[in-house]
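What's counted below: heavy atoms across the whole structure, side chains too, no hydrogens, waters or symmetry copies. Keep in mind the model is a prediction, meaning the values are calculated, not measured.
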Amino acid sequence: MNVLRAYDIHIAGLENKRHEYDFASDNAFFAALEQDLIEKGNIQTHLVLDKSETMIRLDFHSTGTVEQVCDRSLDEYDQPVDTRQTMLLKFGDHNEELSDEIELIERNTATINVARYIFDFLTLSLPMKRLHPRFRNEDEEDDESTGKLVYRSDAEPEANQDDQPDTIDPRWAALRKLSDN
């Protein structure tokens, strides 16, 4: 857990102004978080902390790559990451998460740890469908250029139906008689 201590920011003695921090996250960072979504990566995060009397605004800009496993081939590949996110920490009487971007923290809080925020923003920036770069062009071609029809809900009139519009299959006629009774 000592790896995550590097992400502590002592806010008790900070002046009410803008402060900037830089964090480098590597494999040890992802291992220290005890999670299974990202095991390896190299991320640089620039954090702008703007402190005022009532709140702290945290602006994160993270860039780098994380190792992912392709859903199709199970090959490992490096997924590029470039994300900008904002987090607001408002001073209050207790700790509470108000929304995804706003949290209440106690007024006497001495330090905040931004490691979890960085990790959460990284995972939110990753694509839902993890595809190795060699498969991405194939999917784009299948979806856009070929225009393959997968499903159609309206029935297309067939040529022989137009010739005899009133002819009903005798099996359906017998079922229709049953439903009319």
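Between the OG1 atom in Thr45 and the OH atom in Tyr21 there is a gap of 14.5 Å [rounded to 0.5 Å]. In this structure, Glu97 CD and Ile105 CD1 are separated by 13.0 Å, a value rounded to the nearest 0.5 Å. Within the model, atoms CD of Glu20 and CG of Asp50 stand 10.5 Å from one another, a figure rounded to the nearest 0.5 Å. Rounding to the nearest 0.5 Å places CZ of Arg72 at 9.5 Å from CZ of Arg134. Distance check: Leu33 CG to Leu122 CG gives 10.0 Å after rounding to the nearest 0.5 Å. Remark: Lys51 NZ to His19 NE2 distance equals 7.0 Å, nearest 0.5 Å.
With 3.5 Å as the limit, one finds no donor-acceptor pair spanning the side chains of Asp26 and Asn42. The closest side-chain donor-acceptor pair between His46 and Asp59, if any, does not fall under 3.5 angstrom.
Annotation: side chain of Phe60 is in contact with side chain of Val114 (closest heavy-atom distance under 4.5 Å). Residues Gln79 and Arg130 have side chains not in contact (no heavy-atom distance under 4.5 Å, counting atoms from C-beta outward). Using a 4.5 Å heavy-atom threshold, the side chains of Leu14 and Ile56 count as separate. Side-chain atoms of Gln85 and Ser125, non-hydrogen and from C-beta on, never get closer than 4.5 Å to each other.
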> How far apart are the C-alpha atoms of Thr86 and Glu101, what are their side-chain angles, what is the distance that settles it, and do they pass the side-chain contact (heavy atoms from CB on, under 4.5 Å) test?
Replying inline: CA-CA 7 Å; Thr86 300; Glu101 298 89 20; over 6 Å; no
> Going through the checks in order, is the side-chain contact (heavy atoms from CB on, under 4.5 Å) test met by Leu126 and Ile38?
Replying inline: CA-CA 10 Å; Leu126 295 175; Ile38 303 173; 3.8 Å; yes
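Partners of Tyr7 under the ring pair (Phe, Tyr, Trp, His ring centres under 6.0 Å) rule, at least two apart in sequence or in another chain, are Phe23, Phe29. Listed by chain and number, the residues in a ring pair (Phe, Tyr, Trp, His ring centres under 6.0 Å) with Phe30 amount to none (sequence neighbours excluded).
Summarising the geometry of Ala115 relative to Leu4, their closest heavy-atom pair is CB-CD2, 3.8 Å, with the distance given to 0.1 Å. Asp120 and Thr123 get closest at one heavy-atom pair: O-OG1, 2.9 Å. When every heavy atom of Ser62 is checked against every heavy atom of Ile43, the shortest pair comes out as CB-CG2, 4.0 Å. For the residue pair Val3 and Ala32, the shortest heavy atom distance occurs at CB-CB, 4.2 Å.
Side-chain heavy atoms closer than 4.5 Å link hydrophobic residues (I, L, V, M, F, W, Y) into clusters, and following such links, possibly through other members, connects Met87 to Ile11. Residues Ile112 and Leu98 are members of separate hydrophobic clusters, defined by side-chain heavy-atom contacts under 4.5 angstrom among Ile, Leu, Val, Met, Phe, Trp and Tyr. Side-chain heavy atoms closer than 4.5 Å link hydrophobic residues (I, L, V, M, F, W, Y) into clusters, and following such links, possibly through other members, connects Trp172 to Leu178. Placement of Leu37 and Phe121 within a single hydrophobic cluster is found when ILVMFWY residues are connected by side-chain heavy-atom separations under 4.5 Å, directly or transitively.
The backbone N or O of Leu47 sits nowhere less than 3.5 Å from a side-chain atom of Asp22 that would complete a donor-acceptor pair. Of the possible polar contacts, none joining the Asp75 side chain to the Cys70 backbone as a donor-acceptor pair under 3.5 Å is found.
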Extract all donor-acceptor atom pairs below 3.5 Å that involve side chains of residues 88-96 and protein atoms in other chains or at least two apart in sequence.
residue: His94; atom: NE2; partner: Glu96; partner atom: OE1; Å: 2.8
residue: Asn95; atom: OD1; partner: Glu106; partner atom: N; Å: 3.0

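At most 12 non-hydrogen atoms from other residues, nucleotides or ligands lie less than 6.0 angstrom from CD of Glu39. Around atom CZ of Arg84, no more than 12 heavy atoms belonging to other residues, nucleotides or ligands sit under 6.0 Å away.
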